[in-house]
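A short worksheet on the structure shown next.
The chain is numbered in sequence order, starting from 1.
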Amino acid sequence: MPDASALKVLVVDDQQTIRSLVRNGLREIGVTDIREAGDGEDGLRQLLTAPANLVISDYNMPKLDGLNFLRAVRAAPQLKNVGFIMLTGRADGDLVQRAVQFGVNNYLVKPFTVATLREKIEGVYGALT
């Protein structure tokens, strides 16, 4: 999906500040269809109601953390092909390995730049236009 404006992205993070940073970065890249959720439970509800092409989700959240949210997304037949980028404040090898086992497409370490955000999305979809 090379056209950034065609991407439908759901940003899931319990911190409003991080959601805003991701949203602003996505807008700079050219993504316009951006929704947000404050935790994995809300994110899953939103995806089941109105699917997205890509989820950018924090790892450390209340109610349903990023790994369990990823597992729930991959377990739902209608969501199994949604791109999933894990956003984390720590480059923990164990976390990354478990996320890969559960089907994550890429991961992004905080703090990040718009260029890094774009690179991680392009790692899932190929070059964006």
Side-chain angles (χ1 to χ4, degrees):
M1 181 165 308
D3 187 357
S5 65
L7 278 177
K8 295 178 182 181
V9 181
L10 177 62
V11 179
V12 185
D13 197 302
D14 58 319
Q15 296 181 29
Q16 175 62 45
T17 306
I18 299 299
R19 291 196 312 267
S20 294
L21 288 170
V22 174
R23 182 180 60 245
N24 292 339
L26 288 167
R27 285 186 178 146
E28 280 189 49
I29 293 168
V31 177
T32 56
D33 190 342
I34 306 164
R35 291 180 290 138
E36 298 179 23
D39 60 62
E41 284 183 0
D42 185 30
L44 187 58
R45 273 193 302 273
Q46 286 195 44
L47 280 177
L48 291 169
T49 304
N53 305 106
L54 176 65
V55 172
I56 299 174
S57 174
D58 188 29
Y59 163 69
N60 191 11
M61 297 182 291
K63 296 185 184 177
L64 187 63
D65 70 20
L67 279 179
N68 286 315
F69 175 44
L70 170 61
R71 290 174 68 180
V73 168
R74 292 298 181 240
Q78 69 272 39
L79 301 176
K80 67 179 180 181
N81 294 322
V82 171
F84 200 108
I85 295 175
M86 186 72 68
L87 182 61
T88 179
R90 54 186 197 157
D92 180 338
D94 181 52
L95 167 64
V96 172
Q97 183 179 10
R98 288 189 303 162
V100 168
Q101 287 176 332
F102 296 148
V104 77
N105 297 98
N106 219 329
Y107 69 94
L108 182 63
V109 178
K110 297 183 249 183
F112 60 88
T113 63
V114 173
T116 305
L117 176 62
R118 180 184 191 103
E119 176 186 303
K120 297 299 182 174
I121 294 170
E122 289 180 339
V124 177
Y125 291 105
L128 296 174
T129 55

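Counting all heavy atoms, side chain and backbone alike, M61 lies closest to G40 at CE-N, 3.7 Å. Contact detail for A52 and R35: the closest heavy-atom pair is CB-NH2, 3.7 Å. The minimum heavy-atom distance linking K80 with R74 is given by the pair O-NH1, 3.1 Å.
Within the 4.5 Å cutoff, the side chain of D14 has no heavy atoms near those of the D39 side chain. A 4.5 Å side-chain heavy-atom check between V114 and I29 finds at least one atom pair inside the cut-off. Counting only heavy atoms from C-beta outward, the side chains of N68 and F102 never approach each other to under 4.5 Å. Counting heavy atoms from C-beta outward, V55 and L79 have side chains that stay 4.5 Å or more apart. Considering only heavy atoms from C-beta on, M86 comes within 4.5 Å of L67 through its side chain. Inter-residue side-chain proximity for L87 and I18 is flagged as met; some heavy-atom pair is nearer than 4.5 Å. Taking the side chain as every heavy atom from C-beta outward, L26 and V11 approach each other to under 4.5 Å. Taking 4.5 Å as the limit, some side-chain heavy atom of V73 sits within range of a side-chain heavy atom of L44.
Judged by distance alone, the side chain of N105 and the main-chain N or O of F84 form a donor-acceptor pair under 3.5 Å. Using a distance-only test at 3.5 Å, with no hydrogens or angles considered, no donor-acceptor pair links the side chain of Q78 to the main chain of L48. No donor-acceptor pair under 3.5 Å is formed between the side chain of R71 and the backbone N or O of G103. The backbone N or O of N53 lies less than 3.5 Å from a partner atom in the side chain of Y125, making a donor-acceptor pair. A donor-acceptor pair under 3.5 Å is absent between the side-chain atoms of R118 and the main chain of E28, judged by distance alone.
Here the straight-line distance linking atom CG of D33 with atom CG of L54 works out to 11.5 Å at 0.5 Å rounding. Taking CG of L70 as the reference point, atom CD1 of I85 lies at 12.0 Å (rounded to 0.5 Å). E122 contributes atom CD, which lies 4.5 Å from atom CG of L128 (distance to the nearest 0.5 angstrom). We find the CZ-CG distance between F69 and D42 to be 9.0 Å, quoted to the nearest 0.5 Å. Between the CG atom in D65 and the CG atom in N60 there is a gap of 7.5 Å [rounded to 0.5 Å].
Under the ring-ring contact (aromatic ring centres under 6.0 Å, His included) criterion, Y59 pairs with no residue at all, not counting sequence neighbours.
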For this session: Quick one: do R19 and Q16 satisfy side chain to side chain donor-acceptor pair (under 3.5 Å)? Show the steps, please.
Result: CA-CA 5 Å; R19 291 196 312 267; Q16 175 62 45; 2.4 Å; yes
For this session: Assess whether side chain to side chain contact (heavy atoms under 4.5 Å, CB included) is satisfied between V22 and V9, documenting all intermediate values.
Result: CA-CA 10 Å; V22 174; V9 181; 6.0 Å; no
For this session: Determine, stepwise, if the pair K110 / D58 fulfils salt bridge (Lys or Arg N to Asp or Glu O under 4.0 Å).
Result: CA-CA 10 Å; K110 297 183 249 183; D58 188 29; 3.2 Å; yes
